[in-house]
Amino acid sequence: MLVSLNTLIDLPESIGTLDGLQVLKFPDCSQLSELPAAIGGLKALTYLSLYNCTKLAALPDAIGKLGALTELTLEGCSSLTKLPAAIGELGALTELLLTGCSSLAALPDSIGKLGALTELNLTACTSL
């Protein structure tokens, strides 16, 4: 059975109980408007991709609890208006890809706390 992710509207709170989950990809989830705070329970998560999730307007503060996260891809999230200050708590983050986040108006000051960051892509972030 083929399931189309472009009809996914939300994620269940129970997603936070997937203790061993390391990779989470949501390509082209054009109806996904938010992530549950329970996402912070994914302690083993190293890669989170929300590519072309065009209705995603914000990330929950719980994103800062993803201590193992090394790559966060938000490319094409054209409704994303801001990043939470908690983004600065992602000490292992090496790549933050924000290409095409055209509604992103500012970066939080806490972004300066990302000491492991080696790549920050802001291409086509026209509101910055």
Side-chain angles (χ1 to χ4, degrees):
M1 179 169 78
L2 183 62
V3 176
S4 175
L5 289 177
N6 62 1
T7 59
L8 183 68
I9 297 171
D10 59 9
L11 298 173
E13 288 288 327
S14 62
I15 196 165
T17 63
L18 301 174
D19 298 336
L21 190 66
Q22 295 179 351
V23 175
L24 189 54
K25 297 179 185 180
F26 292 105
D28 300 314
C29 289
S30 58
Q31 300 304 309
L32 184 67
S33 60
E34 65 181 357
L35 295 177
I39 198 103
L42 301 176
K43 303 298 182 196
L45 196 68
T46 59
Y47 179 84
L48 176 59
S49 176
L50 297 161
Y51 183 80
N52 277 343
C53 294
T54 55
K55 285 192 178 178
L56 186 69
L59 297 174
D61 287 335
I63 201 89
K65 295 180 181 177
L66 301 176
L69 196 67
T70 58
E71 184 173 341
L72 178 57
T73 299
L74 298 167
E75 293 180 86
C77 294
S78 55
S79 295
L80 188 67
T81 58
K82 66 178 186 172
L83 297 175
I87 201 99
E89 298 170 26
L90 299 175
L93 196 68
T94 58
E95 294 181 39
L96 179 55
L97 309 176
L98 300 167
T99 303
C101 292
S102 56
S103 297
L104 189 63
L107 296 175
D109 289 338
S110 64
I111 204 149
K113 295 179 182 178
L114 298 175
L117 196 66
T118 59
E119 183 178 353
L120 174 61
N121 192 330
L122 300 169
T123 303
C125 292
T126 54
S127 296
L128 281 177

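Everything quoted here is computed from the prediction, not taken from an experiment.
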Distance-minimising heavy-atom pair for Ser110 and Ile87 | OG-CG2, 3.8 Å
All heavy atoms of Pro60 vs all of Ala37, minimum pair found to be CB-CA, 4.3 Å
Transitively linked via ILVMFWY side-chain contacts under 4.5 Å: Leu21 with Phe26?
-> yes
Name the one of Leu72, Thr123, Thr73, Leu107 that satisfies side chain to side chain contact (heavy atoms under 4.5 Å, CB included) with Leu98?
-> Leu107
Counting distance only, does the side-chain N/O of Ser102 pair as donor-acceptor with the main-chain N or O of Thr126 below 3.5 Å?
-> no
Ignoring hydrogens and geometry, is there a side-chain-to-backbone donor-acceptor pair from Thr70 to Thr94 under 3.5 Å?
-> no
Co-membership, hydrophobic cluster, residues Leu122 and Leu90, 4.5 Å side-chain | yes
Which heavy atom in Ile63 sits nearest to a heavy atom in Pro84, and how many Å separate them?
-> CG2-CG, 3.8 Å
Does NZ in Lys113 sit with more than 12 non-hydrogen atoms of other residues, nucleotides or ligands closer than 6.0 Å?
-> no
Nearest 0.5 Å please: distance from the CG atom of Leu56 over to the CG atom of Leu35.
-> 5.5 Å
So if you build clusters from Ile, Leu, Val, Met, Phe, Trp, Tyr with side-chain heavy-atom gaps below 4.5 Å, do Leu128 and Leu59 land together?
-> yes
Heavy atoms only: give me the nearest Ser79-Thr54 pair and the separation to one decimal.
-> OG-O, 2.5 Å
Separation between CG (Leu93) and CG (Leu114), nearest 0.5 Å, reads 5.5 Å
How many angstroms lie between atom OG1 of Thr17 and atom CG of Asp19, to the nearest 0.5 angstrom?
-> 7.0 Å
For the side chain of Ser127 and the backbone of Leu104, is there at least one donor-acceptor N/O pair under 3.5 Å apart?
-> no
Quick one: are Leu42 and Leu48 in side-chain contact, heavy atoms under 4.5 Å?
-> no
Is the shortest heavy-atom distance from the side chain of Leu80 to the side chain of Leu50 under 4.5 Å?
-> no
Inspect the surroundings of OH in Tyr47 and state if more than 12 heavy atoms from other residues, nucleotides or ligands are less than 6.0 Å away.
-> yes
Do Glu34 and Asp10 have side chains that get closer than 4.5 Å, going by heavy atoms?
-> no
Please name the pair of heavy atoms, one in Gly91 and one in Ala116, separated by the smallest distance, quoted to 0.1 Å.
-> O-CB, 3.4 Å
With a 4.5 Å limit on heavy-atom distance, are the side chains of Gln31 and Lys55 in contact?
-> yes
dist Ile39:CD1 -> Leu18:CG (nearest 0.5 Å) comes out at 9.5 Å
To the nearest 0.5 Å, tell me how far Cys125 SG sits from Glu75 CD.
-> 9.5 Å
If every non-hydrogen atom of Glu119 is compared with every non-hydrogen atom of Leu97, which pair is closest and at what distance?
-> OE2-CD2, 3.4 Å
Nearest-0.5 Å distance, CG of residue Leu32 to CD1 of residue Ile9 | 9.5 Å
